[in-house]
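First up is the structure itself, then whatever we jot down about it.
All values reported here derive from a predicted model rather than from experimental measurement. Atom set for the values below is all heavy atoms of this structure, side chains included, hydrogens, waters and symmetry mates excluded.
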Amino acid sequence: MLKKFLILSVILLVFTGCNKPASPDKATEMASSAKPASNVITFVTLNSPNTYYVNSDKEFAGLEYDLAVLFSEYLGNDTQVKFIVADSIEKVIAAIINKQADIAAADLTVTKEREQLINFSLPYEDVQQQVIYNADETKKPVKTIKDLVSVHMVVPAATSFTERLGKLQQKEPGLMWEERKDMHSEKLLEEVASGGIDYTVADSHLVSVLQNYHPNLSVAFSLGEPEKIAWGFSKTGKPELLKKANAFFTKIKKDGTLRNLIDRYHGNAKRLKPIDVKSYLSKSRTLLPKYKRLFQQAQEITGLDWRLLAAISYQESHWDTYNTSPTNVRGLMMLTEDTADRMGVTDRLDPKQSIPAGAKYISLMVDTIPDRVPEPDRTYMALAAYNIGYAHVEDARVLAQRLKMNPDSWADVKKTLVMLNDPTYYVNAKYGYCSGGAPVIFVESIRSYHNILTRFEPSYNAPEDNFKIAGDKIILAKN
């Protein structure tokens with residue numbers, strides 16, 4: 001697959017961390033220094049959790065990145081993609097107008113002002129502008145646009161936020177704000193979280209993601225009507241490319257691919273409450289260090305990311321090794337007596353036994369899910385099976401297929417799992433009724449906890465020679 005992509009070397013230098021944007025001037029200079037081949041599509045984007053970044057496994061990720069990759073595969077003919085990373089929406093649009101890039105894939109909001117400058121594809125996501133403040137610092141937040149007159153608000157320059165504020169200023173002349181050039185929303189949200197500024201305006205889907213890292217970020221109120229996100233194209237560029245992009249979005253909307261991608265990046269973003277995040281961050285500093293090495297050793301055994309295992313353990317026991325449920329499920333991984341016996345655990349309250357045993361059992365659940373289910377959906381379904389049993393997950397997959405949904409997509413299966421508490425559906429299920437909401441909450445919470453850990457904790461590279469699971473047996477394997 002790598003041969004399909006041509007990645008600018010400047011991007012590789014930039015992405016030493018997922019919060020360091022590229023220098024657009026350097027990227028633009030490189031992009032314009034040589035004529036691209038006819039089968040190369042140049043995208044201009046932003047470095048942010050919503051668009052394009054390097055994840056904890058040092059792999060490119062982000063909704064816009066994944067969409068670009070899928071678009072190149074849709075076009076075929078060995079189409080390659082090249083990325084320019086800008087540090088502001090203003091420079092993203094400039095790159096399209098100046099034909100330094102073919103497509104703007106940068107969480108770009110469709111506005112009337114922008115439609116005069118560039119063309120847009122069919123929209124693929126809805127967003128809502130929100131006024132954001134620091135709940136720890138501001139005890140009486142603003143409630144209306146009139147209240148904004150008396151506060152210090154900072155927004156990125158030349159964005160849909162400034163366009164909307166400009167229109168609102170016509171009705172509320174006292175409304176003022178500071179515009180910062182070469183700035184994007186993630187940085188300003190982080191400044192609000194640290195107390196550097198009082199208010200900013202940001203899109204709802206980015207706010208939901210950042211609240212899992214900064215639980216003191218709160219929404220004062222929504223600003224105006226919802227908007228649409230789309231790709232941007234030059235008005236004098238390649239009209240056939242815009243037509244192909246529209247056909248591409250029509251296809252992935254119809255077949256569920258777009259829904260699955262959006263769920264992958266945003267589906268779990270609102271699962272945790274601020275108090276949950278605060279408690280988790282606190283215990284990550286105090287309790288997690290005691291067990292970190294055990295989780296890493298469990299990764300050596302199973303190949304499962306130690307941060308995922310830690311997230312599962314937190315969801316199960318809040319890292320309380322003495323945790324015991326009314327049904328006698330016990331320990332850091334909350335093992336049942338049957339599971340403990342199967343995995344050879346003699347003391348479920350001993351972290352040295354419970355952590356590797358829980359990891360092995362989860363690995364067995366992953367192996368149970370059909371190979372055709374792609375990651376990370378396969379792991380999500382395995383976690384649901386870990387919580388409620390594989391039989392009910394399989395019932396949910398069968399129901400998804402019956403309802404013409406995708407049985408290999410967690411975004412669809414989590415919907416049908418919930419349906420299994422409705423007699424309309426469970427009477428025809430092989431294994432009958434189940435409280436399908438519980439495993440969905442379980443999985444979505446773990447996804448959120450895992451995302452938080454991957455932001456603050458580095459990945460672990462296991463030794464070259466290690467033990468891995470093969471069925472119920474442990475075998476020595478070389479990576």
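In this pair, Tyr449 and Tyr280 present their aromatic rings tilted. The plane angle is within the 30 to 60° band. Between Phe83 and Tyr52, the ring planes lie parallel to each other; the angle is under 30°, not in the 30° to 60° tilted range.
Using a 4.0 Å cut-off between a side-chain N of Lys or Arg and a carboxylate O of Asp or Glu, Glu316 and Arg348 do not qualify as a salt bridge. Between Lys352 and Asp350 there is no salt bridge, since no side-chain nitrogen of the basic residue lies less than 4.0 Å from a carboxylate oxygen of the acidic one. Between Glu457 and Lys292, at least one side-chain N (NZ, or NE/NH1/NH2) sits under 4.0 Å from a carboxylate O, which counts as a salt bridge. Salt-bridge annotation for Asp408 and Arg397: present, with a side-chain N of the basic residue lying under 4.0 Å from a carboxylate O of the acidic one.
Residue Tyr431 places its OH atom among 12 or fewer non-hydrogen atoms of other residues, nucleotides or ligands, all under 6.0 Å distant. More than 12 heavy atoms of other residues, nucleotides or ligands shown are found within 6.0 angstrom of NZ on Lys283. Counting heavy-atom neighbours within 6.0 Å of Glu375 CD, excluding the residue itself, gives a total above 12. Around atom NZ of Lys140, no more than 12 heavy atoms belonging to other residues, nucleotides or ligands sit under 6.0 Å away. For Lys143, the NZ atom counts as loosely surrounded, since its 6.0 Å shell holds 12 or fewer non-hydrogen atoms of other residues, nucleotides or ligands.
When the options Val192, Ile132, Val142 are evaluated for a side-chain contact (heavy atoms from CB on, under 4.5 Å) with Tyr199, the one that passes is Val142. A ring pair (Phe, Tyr, Trp, His ring centres under 6.0 Å) with Tyr124 is found for exactly one of Phe248, Phe249, Phe71, namely Phe249. Put simply, the residue from Val131, Thr200, Asp203 that forms a side-chain contact (heavy atoms from CB on, under 4.5 Å) with Phe161 is Asp203.
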Verdict with reasoning, Val81 to Tyr65, per side chain to side chain contact (heavy atoms under 4.5 Å, CB included): CA-CA 10 Å; Val81 293; Tyr65 173 77; 5.8 Å; no
Could you walk me through whether Thr257 and Asp255 satisfy the side-chain hydrogen bond (donor to acceptor under 3.5 Å, both in side chains) test, starting with their C-alpha distance in whole Å, then the side-chain angles of each, then the deciding distance to 0.1 Å, before giving a yes or no? CA-CA 6 Å; Thr257 301; Asp255 66 17; 2.7 Å; yes
Audit row: Lys415, Asp263, salt bridge (charged side-chain N to carboxylate O under 4.0 Å, His left out) steps and yes/no: CA-CA 12 Å; Lys415 293 178 181 178; Asp263 178 81; over 6 Å; no
Show your reasoning for whether side chain to side chain contact (heavy atoms under 4.5 Å, CB included) applies to Phe456 and Ser284. CA-CA 9 Å; Phe456 296 113; Ser284 295; over 6 Å; no
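Distance check, rounded to the nearest 0.5 Å: CG of Leu417 to NE2 of His392 gives 9.5 Å. Taken to the nearest 0.5 Å, the CG atom of Leu261 stands 10.5 Å off from the CD atom of Glu64. Separation of atoms OG (Ser448) and CG (Leu453) is listed at 11.5 Å; rounding is to 0.5 Å. From Asn212, atom CG reaches atom NE2 of His450 across 13.5 Å, with rounding to the nearest 0.5 Å. The CG atom of Leu383 sits 11.5 Å away from the CE atom of Met381 when rounded to the nearest 0.5 Å. To the nearest 0.5 angstrom, Arg447 atom CZ is 11.5 Å from Leu308 atom CG.
In this structure, Tyr291 has its ring center at least 6.0 angstrom away from the ring center of Trp306.
Residues satisfying the side-chain contact (heavy atoms from CB on, under 4.5 Å) criterion with Ser222, sequence neighbours excluded, are Gln128, Gln130.
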